[in-house]
Amino acid sequence: MSGISNIKSHIQTFLKEIGELSYFTARFFKETFRKPFEFKEFLRQCYSMGNRSLVLVGITGFIIGLVLTLQTRPTLMEFGAVSWMPSMVGISLIREIGPMITALVCAGRIGSGIGAELGSMRVTEQIDAMEVSGTNPFKYLVVTRVLATTFMIPLLVIIGDAIGLYGSYLVEHLKGDVSFQLYFNQVFESLEFGDIIPATIKSFFFGLAIGLVGCFKGYYCGKGTAGVGRAANSAVVFTSLLLFIIDFIAVFAADIFYDL
Amino acid sequence: MNANSQKIRLGLFVIIGTLLFVLGIYLIGQKQNMFKRTFMISAEFQNVNGLQKGNNVRYSGINIGTVRAIEMVNDSIVKVEMNIQENIVKHIRKNAVATIGSDGLVGNMIINILPRDGMAGVIENGDMIKSFSKVEPDDLLSNLSVTIKNTEILTEDLLKITNAINNGQGTLATVLNDTVMSSDLKQTIKTLKEVSVNASNTLLEFNGLVKSIKTDDASILGLLLNDTVSGNKLKMILQTIETSSVKMENSVEKINTIIENVNTSDGAFNYVIKDTSLVNSLKSTLKNVNEGTDKFNQNMEALKHNFLTRGYFRKLNKEERKAKEN
Amino acid sequence: MIEKSNILPQEKEIVLEIKNLNKSFADNHVLKNFNMKLYKGENLVIMGKSGSGKSVMIKCLVGLIQADSGIISVMHKDITTLNQTALDILRSDIGFLFQGSALYDSMTVRENLEFPLRRHSSRFEKNMDTNTLVMEALENVGLAHAVDLMPAELSGGMQRRVALARTLILQPKIILYDEPTSGLDPITAKEIIILMQDIQKKYNTSSLIITHDVDCARAISDRMVLLIDGTNYAEGTYDTLSASTDPKVKAFFKH
């Protein structure tokens, strides 16, 4: 009996969370279009999320490009299809791996950061202090951060993709004597708008999810330092899960639109 | 100061990201000819072999455009619309022909636009150009060469026999009396018949192929097969092969009837022998066969030196030589 | 040592009034028909045990927590009926010193002080320099030298004083202190209390102080309200209450 009620309460908690997140999202959109816009804070957040994640995203992208190429090379060589490497790496990086890896890395770095920051602000009453001093903390803290992630993640994805492709090119260049021009010619030869546009749109949603979940968890953080830790942790876990769900939906939708 | 440098670095980051995105879009768009002024031309095919929207269009091996749309016009015709770069249009004439090929062994399908001899105006926007659907010419050719080889061997056999008859080394009677010889002859004639039917079928197919490009379109075939020999020559050869093989077939048919007659009707043998007209007829028939096979051989020789089978015969020679050496 | 107001509270204007305030979290009924009045220029101390709902009450006052029922009128306006804009305007008349100072740790002291000015600059003359305001507020708390430091670089007492300066920068008519001396050593706590008294004199503000610190209450209170079991259990000056024989009241003043 207790097992069943336990499951029931778990489901209830989950549904409540989804409901609250939906409400939070709706509020985000409502507040985004209400003046005044905290532009300075938005830029500050863009900087701290975009530029500060650049090195991390760059390194991950580079290694992914490198590893993808190194691992695929023997298989392609078996089929005498090494010349397909640029197309293969290009398509897989730009369509799927680039956005996903970048988003996951950023969920870890940015999402947990937002969760912890807002969480500690909530716990130390800084959010209350803002509210009392006449600044809407939702606009000041949440809207700016979510917008910043929404715009920065796609940029990070693009840069991550580019660096990943460069990593892949390096392997091809060292192992197969492929010139820079030839490599990127072949990459773009195989790419289509159907690859790059859905991936970019997807990245925007990734950014939105990272920002929203991070802010949500931080904004409604529980009491004390434990609450902050939980906020940061669950922000990452929930965001990562959400990223995969969004990815699935995006691929599904892109597939349908591609057929049209 | 600090806030300023933050802004500068953020600006740099945003600009780099945006530039990369725009560059990517541009490079892809360039490939799809989205940002160049383009011409639209179309062609109708019976089979597009899995061609897709966005596949490349090539002219003399250069990418000049992409496939814009593929649609069924009716149950057997597929219309393919292509975007062609404007700057290349002045080189394409109205009599150009579109074919569907593949880019490498496992590559994408492409449309090749092939220039042709003869004067024609420069293509205009919206024009429909002729198309040519490849019906596996390689298969056809190898099929034909095997048939031709068989025919060659058989006609040689037949020639021996007919020569023997003609030279009067024994009369037809002796030939026919000689059961070994007779059955030999019968067998040979039978095989020859089969072979010639075979050959003529293949040739028909081949001819149909050529005809499908209309009389003056023969050069396309030559072009397609990467050969300098003028297509007309090829066509003539093919026609002669066809006619000879038809003639041969007819003659063989006649011989068959005669032999059939000889064999079936008792006593008819004498009758047949005495019947000079029949003998003459038989003689002339065999002569025809002879001529036919002769011509056939000549044409075969021509074919041997021709593009299609050159490789094949060369290979055969090699193998023969090898066999001899061994 | 501390000058007490001689004017009777009843003759003064009421700036803040709570009637029958109720608030519960799930099954926990924190506030039950709580009543309270704050008169102009008065220092009212509300004492209660930890978890007795003091902080909840004070947050209800500025609309940070929605009360379940009851009337909260601030400067004769019922805050439960105000829209966001009107509430924001009203809030600029109320200073709130948070328990843990609540300084924005990503901003310097200057930015912390400038923050409330962003939305309420209309209160000041247009040519009023924010820098002058910031420096003036910091001088009031004796921390003008710390203007470019980050909150993390300050000691707890300094943080509290910066928070006080931030509260003062909008020149509020009412200041709400949520445990102003909590987490501070007795000497620093004393400094803060003296600062609070100076400010009260200088700007003639009305103050509502929430504390469980008896020393603080004795030093600063004109009047006290004891919050016990979610309601205003007892009221009076420090002297009358400390002399009370009620065991629940007595418990507060025992050392």
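Below, chain A is the first sequence line, B the second, and so on; all start at residue 1. A quick note: this is a predicted structure, and the numbers were derived from the prediction, not measured.
Atom NZ of C:K54 has more than 12 neighbouring heavy atoms from other residues, nucleotides or ligands inside a 6.0 Å radius. Other residues, nucleotides and ligands place more than 12 heavy atoms under 6.0 Å from the CZ atom of A:F24. Atom OH of C:Y203 sits in a crowded spot, with more than 12 heavy atoms from other residues, nucleotides or ligands closer than 6.0 Å. Around OH of A:Y23, the count of heavy atoms belonging to other residues, nucleotides or ligands within 6.0 Å does not exceed 12.
Scanning residues 154-168 of chain C against chain A with a 4.5 Å heavy-atom cutoff picks out C:R166, ordered by number. Contact residues of residues 57-75 of chain C toward chain A are C:K59, C:V62, C:L64 (heavy-atom distance under 4.5 Å).
One side chain, A:Q126 or C:D105, offers a donor N or O that lies under 3.5 Å from an acceptor on the other.
For residues 132-150 of chain A, the salt bridge (charged side-chain N to carboxylate O under 4.0 Å, His left out) pairs, not counting sequence neighbours, are A:E41-A:R145, A:E117-A:R145.
In this structure, the separation between CZ on C:F98 and OG1 on A:T124 is 10.0 Å, given to the nearest 0.5 Å. Here CD1 of C:I169 is found 11.0 Å from OG of A:S133. Values are rounded to the nearest 0.5 Å. A distance of 7.5 Å separates CG in C:D88 from CG in A:N136, rounded to the nearest 0.5 Å.
Smallest separation of non-hydrogen atoms from A:E125 and C:Q99: OE1-N, 3.4 Å.
Ring-centre distance between A:Y140 and C:Y104: not below the 6.0 Å cut-off.
The part of C:L103 that comes within reach of chain A is its backbone (N, CA, C, O), which places non-hydrogen atoms under 4.5 angstrom from that chain.
Not a single side-chain hydrogen bond (donor to acceptor under 3.5 Å, both in side chains) links A:T150 to another residue, sequence neighbours left out.
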